[in-house]
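Here's the structure, in C-alpha cells; my notes come after.
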Amino acid sequence: MLTVLGNFRRTHYCGEINENNIDQSVRLVGWVDTVRNHGGVVFIDLRDRSGIVQVVVEELKNPEAYEIADKVKPEYVIAVEGKVRRRPEGTENPKLPTGFVEVVADKVLLLNTAHQPLPFQIEDEIKVNEEVRLRYRYLDLRRRPMLNNLLLRHKTYQVVRNFLTDEGFIEVETPLLTKSTPEGARDFIVPSRLHPGKFYALPQSPQLFKQILMVAGLDKYFQIAKCLRDEDLRADRQPEFTQIDLEMSFVGREDVMNLTERLVKEVFKQVAGIEIDYPLPIYSYEEVMSKYGSDKPDLRIREDVITPLIELTDIFKNTQFKVFKNVVDKGGIIKAVVVKGGAKTLSRQKIDELTKFVQKLGAKGLAWIRVDEDKLTSPITKFFSKEEIENLLNRCNAQVGDIIFFQADSDRESVYKVLDALRRRLADELKAREEGFKFLWVVDFPLLEWDKEEERFVSVHHPFTMPREEDLLQIDRALNTEDIEERKEILKGVKSLAYDMVLNGEEIGGGSIRIHRTDIQEKIFKLLGIGAVEAEEKFGFLLEALKYGAPPHGGFAFGLDRLLAIMVGVDSIREVIAFPKTQKGICPLTNAPDYVDPKQLKEVHCEVERREEE
RNA sequence: GGAGCGGUAGUUCAGCCCCGUCAGAACGCCGGCCUGUCAAGCCGGAGGUCGCGGGUUCAAAUCCCGUCCGCUCCGCCA
C-alpha cells in the first residue's frame, strides 16, 4: 500500500486552492487532518502548512483511489492528484478558506503512515501536559497556533533585519565559545580538550564583543543573538534565549532610545498590524518605584480601579499604632493601594486569601480599611487617632465602597515588592486590565546598589554602564572615602545612562550608554570591588581595547522571545520557541542534558563526582 | 535553595478528605455498518505496574514518609 514519491510533485499548497482553480487538475501533498468515511465516499481534509482542503474519493468512480483513502488515518502522509470543483450546493463549509471547493481525487498515494493512537490530537486548542507536547514537539508544531507563532517569529526576523539594515546597521556574528566573566548570571561552561583544565563559557550576551566592534569602527552593529544563562527558569526565562542585540557609536541615550522605539514600532506594525503610540512615555526609576513599586509596571492596570501606591509614611510619623510606629522609627515606609469599589468586589474571604498571598512574599500581614456607608470597617483603625484617619482618607481620596490595603515595612523594597504583586494579583482577580499594548521607558536607574549578601556594590545594569556625566565627580568622592556608609550615601545619587523598555509589565529590552574610557571603567571596577589584578585577568582585553581610540557608544538588546510572547498573547515564551526546555532545563524531545561516554569526559580532562544512576 | 498546585487508559479528567464492587467518563484508538460529511453518524470492542520507593493496615489510587517529574511563584536572573 505504501508507495514512493517518485516523480510526483505538488502543484499547489492545500490552503491556496480556491474558486480560481475550478476545473484545474492539481497535485497536492500533505498530512491527513481528519477523515470522514461514509462508506462509498470518503472525505479527507488534507493539511499542509498553508491550510486545509477537502479531498473527495468515491468508490464507484475510482475504486483504486478509494481503496487507499478508505485506509488512511490522521497524520498519514499522502499525495493526491485530482480535479478542483465547486462543492455541490448546500455542502459548502464557510469555516474553511477553501470551503467552497473540493478536490476530487483521481489518484491517492500513501507516502507514510503515522502510529496510532497519536500522543495527542492535532487540533488548534488542546489541553495537554506540556511535557508531552515538548516530547512530541514535531506533532505540536503541526498545530496551527504553533505554526503561526513560528511564522510570526520568522516575519519578525525579516522586519528587524530590514529595518536595521536600512538604518545602516551591520549584522555581525560573535563567538559562542568565549570567556567566562564575573558579574551577572552563572555561565554555562564548555571544557577545552586542547587545553586541559581550561573552559570556554557560553555568552550571557554579546556585550563585550559588540563594544569591541564599536572600537573597531563598525559604527552600527546588530545581531539576532542566542544568549545563555545558567539560572533557574520561569515562564519568561529559558536557559537559551534570543536577543535582538545592537550597538551604535557617537550617540547619546536619546539616540538609542529613539532608534529602538522606532524598531519596535515597525515590528508591531509589520508583524502584527498594530500601530503603537509613539514616542513611548518616559519614567524615571524613582518615579515608577514610588508609584508602582516596580521597575516594570503594568500600565494596563486600570488606576480607576486599583490605584498606584499612595505614600502615607508622613501621616503616621507620630502614630500610637506600634506596628506603624516601629516601621517609621526604623526608617521604613508605609504605603497603600486603594481598590475602588472593593467593598463589593472583595469579600472577607478574598481578603484573607490576599493576606496569605502577600505573606508568602514576605509581608508580615495585610492591613486594610473598608469604607462603609456610615463607618470604617478595619482591624486597625482603632489604633489610629481621629486626625490620622482624616488625613489618611483624604490622602487616599477614599470614597464609600473603597478598600485600602496597607504595607508598612522597615525594608522599603519589601513594601514595593508586595504592593506590586498585590496590584497585579488584584488586576487578575478583578479583571482590571485594559486591552492592548502599554509601553514605557524607565530611565535614571541607580548605577550601583549595595548587595547585602555579598557585602559589596553591584551594577544595577552591568559594569560597563556609563554614569551620568554630572555624577562622575560623585564617583571620585565615593572612591575617596573608605567609609562604606558614606559611600552608600554618595552612590545613592549616582544614576546611570541605562534605559529599559517595558511592555505590559514585562521588561522587553534594555540598554545603556557604555563607558568608553579606561579611567572611568577602572574606577567602576574599583567600586565593584574588582581589583586591578582581577580586572586585568577577566576584562583585560576590554580595558586594552578602550585604550586604542574607543568611540563613545551605547546600545540595546530586546528580549525577542518575550516581545513575541506578548505580541502573540501567550503566557510563556515557550510558546514562541520551537524547541524549548522545561523548568528543570530538560529537553523532553532529545532528553538533554544526558550522561556522556567516560571516554568523552577523559578527552576533555573532566571527572564527574558521582553518577547516581548506574 | 524555598513555597504552592498537579502526576489515575494514548489524551484530558473524576474517584483520594471518610482505606473495603472505584478502577470510571469523555475524546482518541481498534472492528463493523453507512454515498455529502466537515466535532460526520450508528453498533460493538480493546486499553490502566493509579509517577516511583518504602511504611501503616486484614485491606492502600485513597492514610503516612521519602523521592522523581511537570507547571506557577519567591530567591536567583548584571
Side-chain angles (χ1 to χ4, degrees), chain A residues 33-45 52-61 66 70 73-75 87-96 98-99 102 104 114-136 139 181-187 204-205 207 227-239 241 356-363 414 417-418 421 424-425 445 447-449 451 453-454 457-465 496 498 507 510 512 524 528 557 559 571-572 574 581-584 586 588 612-613:
Chain A
D33 194 67
T34 50
V35 195
R36 294 175 294 279
N37 191 334
H38 287 243
V41 61
V42 182
F43 299 97
I44 297 170
D45 283 348
I52 284 172
V53 69
Q54 174 167 283
V55 175
V56 193
V57 190
E58 291 186 66
E59 183 172 23
L60 290 175
K61 295 187 181 156
Y66 182 82
D70 187 42
K73 300 178 194 310
E75 302 312 310
R87 288 200 192 185
E89 210 177 321
T91 67
E92 302 90 349
N93 182 358
K95 286 184 214 161
L96 280 183
T98 62
E102 60 191 6
V104 186
H115 182 267
Q116 304 288 332
L118 300 164
F120 49 88
Q121 285 154 263
I122 313 300
E123 298 165 336
D124 286 2
E125 302 293 327
I126 54 168
K127 269 175 54 185
V128 181
N129 185 323
E130 208 171 330
E131 197 181 2
V132 176
R133 289 176 55 202
L134 293 182
R135 177 164 173 205
Y136 301 96
L139 296 180
T181 51
E183 304 290 303
R186 192 177 295 112
D187 288 320
Q204 296 170 28
S205 78
Q207 181 60 36
C227 303
L228 302 106
R229 297 177 188 176
D230 189 5
E231 296 291 348
D232 287 354
L233 275 32
R234 287 282 191 288
D236 62 351
R237 275 164 29 194
Q238 282 276 301
F241 60 99
K356 277 186 196 141
F357 171 72
V358 298
Q359 280 171 337
K360 279 180 198 156
L361 293 169
S414 170
K417 176 175 133 190
V418 169
R424 287 171 197 256
R425 165 86 182 243
F445 286 86
L447 182 70
L448 303 169
E449 67 185 355
D451 186 315
E453 281 187 15
E454 292 193 52
F457 292 99
V458 294
S459 295
V460 170
H461 188 58
H462 60 50
F464 319 109
T465 305
S496 73
E507 184 201 324
S512 62
I524 300 299
L528 291 171
D571 290 329
S572 162
R574 295 186 298 274
K581 295 186 175 54
T582 68
Q583 198 168 41
K584 281 269 193 307
I586 286 166
E612 286 188 3
E613 298 161 37

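Within every chain, numbering begins at 1; the chains are lettered A, B, ... in the order of the sequence lines, protein sequences first and strands thereafter. Small disclaimer: the values here were computed from a predicted structure and weren't measured.
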To the nearest Å, how far apart are [X] [atom1] and [N] [atom2]?
X: A:Asp124; N: B:rA39; atom1: CG; atom2: C1'; value: 13 Å
X: A:Gln359; N: B:rG4; atom1: CD; atom2: P; value: 14 Å
X: A:Lys356; N: B:rC73; atom1: NZ; atom2: C1'; value: 17 Å
X: A:Glu449; N: B:rC77; atom1: CD; atom2: C1'; value: 13 Å
X: A:Arg36; N: B:rU37; atom1: CZ; atom2: P; value: 10 Å
X: A:Leu233; N: B:rC77; atom1: CG; atom2: P; value: 14 Å
X: A:Tyr136; N: B:rU12; atom1: OH; atom2: P; value: 12 Å
X: A:Glu453; N: B:rG75; atom1: CD; atom2: P; value: 11 Å

For this session: Report yes if a side-chain nitrogen or oxygen of A:Arg229 is closer than 4.0 Å to either non-bridging phosphate oxygen (OP1 or OP2) of B:rC76; otherwise report no.
Result: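 So the side chain of A:Arg229 is outside the cut-off, no N or O lying under 4.0 Å from OP1 or OP2 of B:rC76.
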Exercise. Quick one: does A:Leu96's side chain get under 4.5 Å of A:Gln54's, heavy atoms only?
Worked result: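 Sidechains of A:Gln54 and A:Leu96: no contact.
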Exercise. So do A:Asn93 and A:Arg87 actually touch side chain to side chain, heavy atoms under 4.5 Å?
Worked result: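 A side-chain contact under 4.5 Å exists here.
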For the [atom1] atoms, the ones on [N] and on [M], what distance do you get once it is rounded to whole angstrom?
N: B:rG10; M: B:rG6; atom1: P; result: 22 Å
N: B:rG32; M: B:rC22; atom1: C1'; result: 32 Å
N: B:rA61; M: B:rG7; atom1: P; result: 16 Å
N: B:rC13; M: B:rU56; atom1: P; result: 34 Å
N: B:rC27; M: B:rC38; atom1: P; result: 15 Å
N: B:rG24; M: B:rG48; atom1: P; result: 13 Å
N: B:rC50; M: B:rA23; atom1: C1'; result: 8 Å
N: B:rC64; M: B:rC17; atom1: P; result: 9 Å

Taking any heavy-atom pair under 4.0 Å as a contact, classify [X]: base, sugar-phosphate, or nothing.
X: A:Val460; answer: sugar-phosphate
X: A:Ser205; answer: base
X: A:Arg186; answer: nothing
X: A:Val458; answer: nothing
X: A:Glu92; answer: base

Donor-acceptor pair (no angle test) under 3.5 Å: [X] side chain, [N] base:
X: A:Glu89; N: B:rG36; value: no
X: A:Arg87; N: B:rC38; value: yes
X: A:Arg237; N: B:rC76; value: yes
X: A:Gln54; N: B:rU37; value: yes

Could you tell me whether the side chain of [X] and the main chain of [Y] form a donor-acceptor pair under 3.5 Å?
X: A:Ser205; Y: A:Cys227; result: no
X: A:Tyr66; Y: A:Leu60; result: no
X: A:Glu75; Y: A:Lys73; result: no
X: A:Glu231; Y: A:Arg186; result: yes
X: A:Gln359; Y: A:Phe357; result: no
X: A:Arg229; Y: A:Gln204; result: yes

Nearest to the side chain of [X] - [options]?
X: A:Thr34; options: B:rA40, B:rC74, B:rU37; result: B:rA40
X: A:Arg574; options: B:rU37, B:rU12, B:rC71; result: B:rC71
X: A:Pro119; options: B:rU12, B:rG10, B:rG36; result: B:rG10
X: A:Glu231; options: B:rU35, B:rC76, B:rU11; result: B:rC76
X: A:Glu58; options: B:rG36, B:rG4, B:rG75; result: B:rG36
X: A:Val41; options: B:rC77, B:rU35, B:rG36; result: B:rU35

For this session: Apply side-chain contact (heavy atoms from CB on, under 4.5 Å) to A:Arg133 and A:Ile126, showing your working.
Result: CA-CA 10 Å; A:Arg133 289 176 55 202; A:Ile126 54 168; 4.1 Å; yes
Exercise. Salt bridge or not for A:Arg574 and A:Glu130, using N-O below 4.0 Å?
Worked result: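 A salt bridge links A:Arg574 with A:Glu130.
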Watson-Crick or G-U wobble partner of [N], both distances under 3.5 Å:
N: B:rG6; answer: B:rC69
N: B:rC18; answer: none
N: B:rG41; answer: B:rC33
N: B:rG48; answer: none
N: B:rU57; answer: none
N: B:rU11; answer: B:rA26

Seminar exercise, completed: In B/S/- notation (B base, S sugar-phosphate only, - none; protein heavy atoms under 4.0 Å), nucleotides 24-34 of chain B written 5' to 3' is ---SSSS---B
Exercise. Roughly how far apart are A:Thr465 OG1 and A:Gln207 CD, rounded to 0.5 Å?
Worked result: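 It comes to 7.5 Å.
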Exercise. Rounded to the nearest 0.5 Å, how far does CG of A:Leu528 lie from CG of A:Leu447?
Worked result: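 Between atom CG of A:Leu447 and atom CG of A:Leu528 there are 8.0 Å.
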Any N/O pairs under 3.5 Å between the protein and nucleotides 47-51 of chain B? List them or say none.
none

Problem set entry | A:Phe43 over B:rU37, stacked by centroid distance under 5.5 Å, angle under 30° |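 Given the distance and angle limits, yes, they stack.
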Exercise. Looking only at heavy atoms, which two atoms of A:Ala114 and A:Pro74 are closest? And how far apart?
Worked result: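 Looking at all heavy atoms of both residues, the shortest contact is CB-O, 3.9 Å.
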Problem set entry | Over all atoms of both residues, closest heavy-atom pair of A:Ala235 and A:Asp571 |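 Looking at all heavy atoms of both residues, the closest pair is CB-O, 3.9 Å.
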Problem set entry | A:Asp236 and A:Ser572: CA distance, side-chain angles, deciding distance, side-chain contact (heavy atoms from CB on, under 4.5 Å) verdict | CA-CA 6 Å; A:Asp236 62 351; A:Ser572 162; over 6 Å; no
Exercise. Which is it for A:Arg36 and A:Asp45 under the salt bridge (Lys or Arg N to Asp or Glu O under 4.0 Å) test, yes or no, and what are the steps along the way?
Worked result: CA-CA 8 Å; A:Arg36 294 175 294 279; A:Asp45 283 348; 3.0 Å; yes
Close N/O contacts between protein and nucleotides 68-70 of chain B (under 3.5 Å):
from	atom 1	to	atom 2	distance (Å)
B:rC69	O2'	A:Glu131	OE1	3.3
B:rC69	O2'	A:Glu131	OE2	3.3
B:rG70	OP1	A:Thr582	OG1	2.6

